[in-house]
Amino acid sequence: MDLLVVERIGGLAGFGGPGAHVRSRGQVAIARLSEADRRAVEELFRTRGDSRPSAVRDGFSYRISRTTSAGSETIEVPESMVPASLVGCVKDELI
Amino acid sequence: MSCQCFIIPTNVLERFAKDKTLSQEQRKCFADAAQFEKHWRQVRTAHGKLSAAAGAILPSGIQVAAPPAVTVADCNHGTTLPGTPVPASTADATAKRTFVETRAVADFYQNVFGRNSVDNAGKTLMSSIHFSVKYNNAFWNGTQMTYGDGDGNIFIDFTKANDVIGHELTHGVTQFSAQLAYANEAGGLNESISDVFGSMFRQWRANQNVTQADWLIGKEIMGPGAVAKGYTCLRDMANPAAKHCLAPQPTNYSQYKNGMDPHYSSGIPNFAFYKAAKAIGGKSWEKAGKIWYAALTDFAPRPNMKMKAFANRTRTLAKTMFPGDPSVFAAVNSAWIAVGR
Ligand SMILES: [Zn+2]
């Protein structure tokens with residue numbers, strides 16, 4: 001089953017940074033996403049989240065990886081562009 | 001066509017104004033915005049100078065402009081900004097705290113640095129609270145502050161740490177002054193400026209000198225789960241690599257690499273500010289803070305500034321602002337050398 005591996009990074013606390021003791025990860029099967037969310041994810045990978053500078057500071061970003069028969073690829077996109085079903089699949093934890 | 005271009009640097013606006021791939025109407029819009037931005041910048045600079053001059057000449061307590069309006073909105077655990085306006089008479093503890101501490105940040109910038117709000121032109125300070133569900137973050141979105149309630153384990157209500165409120169508002173100050181980018185060295189400086197002024201604000205509120213201050217960032221938002229594991233802060237400006245930090249940081253430029261999260265690389269300039277302020281002594285905002293503020297706001301925007309350039313600004317300012325006290329320059333110079341800049 002094709003999976004999206006999702007990591008929430010950054011924010012005021014620097015989630016997922018080098019040496020950070022807080023991280024947020026999760027995964028979701030592409031087949032379990034709604035048609036609209038599947039299209040949104042497809043668009044994110046196509047545009048690679050668009051890289052225009054943003055005025056947001058301390059916002060979370062999401063590192064999203066997918067592995068399909070065509071191979072693996074990873075993008076990093078700001079939280080505002082990520083479908084709620086992906087935002088909801090990660091869990092914040094202390095490490 | 002409407003055009004909202006005010007956070008775009010003038011040189012970029014001017015480039016778009018000449019971009020033949022855009023329509024004539026779009027090019028005119030960018031040209032008008034560039035022209036307006038130049039005038040607006042002059043007005044902001046003049047206003048800042050007037051405020052500072054008035055502060056020096058007029059009897060204490062008299063201000064040139066009224067303090068900025070402070071508004072709070074409630075997201076009710078949704079993610080649509082800004083949310084429902086909250087009256088100042090609210091019983092909500094988070095809202096009350098946000099009103100009080102945001103006004104205090106405005107007072108801090110006005111009384112210590114002669115700055116009228118984040119844009120030095122009285123911009124209304126808008127905050128949204130109760131953002132999303134168990135949201136472990138606070139952020140500035142280019143227009144306003146937003147605070148989550150925390151998940152109750154790793155973090156609690158993000159408004160509980162007044163340095164966090166100072167940190168977020170300072171992102172606004174940086175946006176309207178040096179316009180530092182958010183990646184590489186400028187990103188680390190951007191984050192450090194917010195930690196420096198957030199921490200300084202917390203010390204100012206508690207009337208602490210540099211020895212009394214604990215220099216911790218986010219101490220009051222650490223949740224019981226984090227505290228139980230020994231994490232007492234997000235970051236520690238006095239000891240950025242300490243084990244009690246939830247996110248330890250580098251302490252020397254030799255550890256820096258492009259692409260680092262700005263919340264990580266900010267440890268280097270954070271440590272420099274701490275060392276300078278500590279060596280100077282007294283209250284951090286009296287000398288070191290004034291030098292850092294001038295380095296941030298007294299120059300044309302420089303989005304891609306490197307740490308060395310910022311360090312050298314503070315070296316020059318330490319001499320010109322405190323010509324009769326060479327120990328100030330010595331403290332600033334030694335602090336930057338200690339972190340490798
Ligand atoms: Zn920040």
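- Looking at B/Leu81, neither its backbone nor its side chain comes within 4.5 Å of chain A, counting heavy atoms on both sides.
- Of all heavy-atom pairs between A/Arg57 and B/Phe139, the closest is O-CB, 3.3 Å.
- Looking at heavy atoms from C-beta onward, B/Asn137 lies out of side-chain contact with A/Glu79 at the 4.5 angstrom threshold.
- Proximity to chain A at a heavy-atom threshold of 4.5 Å picks out B/Tyr135, B/Asn136 from residues 125-136 of chain B, in numerical order.
- When all heavy atoms of B/Ala138 and A/Leu12 are compared, the closest pair comes out as O-CB, 4.0 Å.
- Contacts between residues 244-253 of chain B and chain A, defined by a heavy-atom separation under 4.5 Å, are made by B/Cys245, B/Leu246, B/Ala247, B/Pro248.
- Both the backbone and the side chain of B/Asn141 come within contact range of chain A, with heavy atoms under 4.5 Å apart.
- At least one donor-acceptor pair closer than 3.5 Å links the side chain of B/Tyr182 to the backbone N or O of A/Asp58.
- The interface of residues 81-95 of chain A with chain B, defined by heavy-atom distances below 4.5 Å, comprises A/Asp92, A/Glu93, A/Leu94, A/Ile95.
- Looking at B/Asp195, there are no atoms closer than 4.5 Å to chain A (heavy atoms on both sides), in backbone or side chain.
- Within a 6.0 Å radius of NZ in B/Lys306, other residues, nucleotides and ligands contribute 12 heavy atoms or fewer.
- Residues of residues 149-158 of chain B lying under 4.5 angstrom from chain A, judged on non-hydrogen atoms, are B/Ile154, B/Phe155, B/Phe158 by number.
- Most heavy-atom pairs under 4.5 Å with chain B, from the set A/Gly14, A/Gly19, A/Gly11, A/Ala20: that is A/Gly11.
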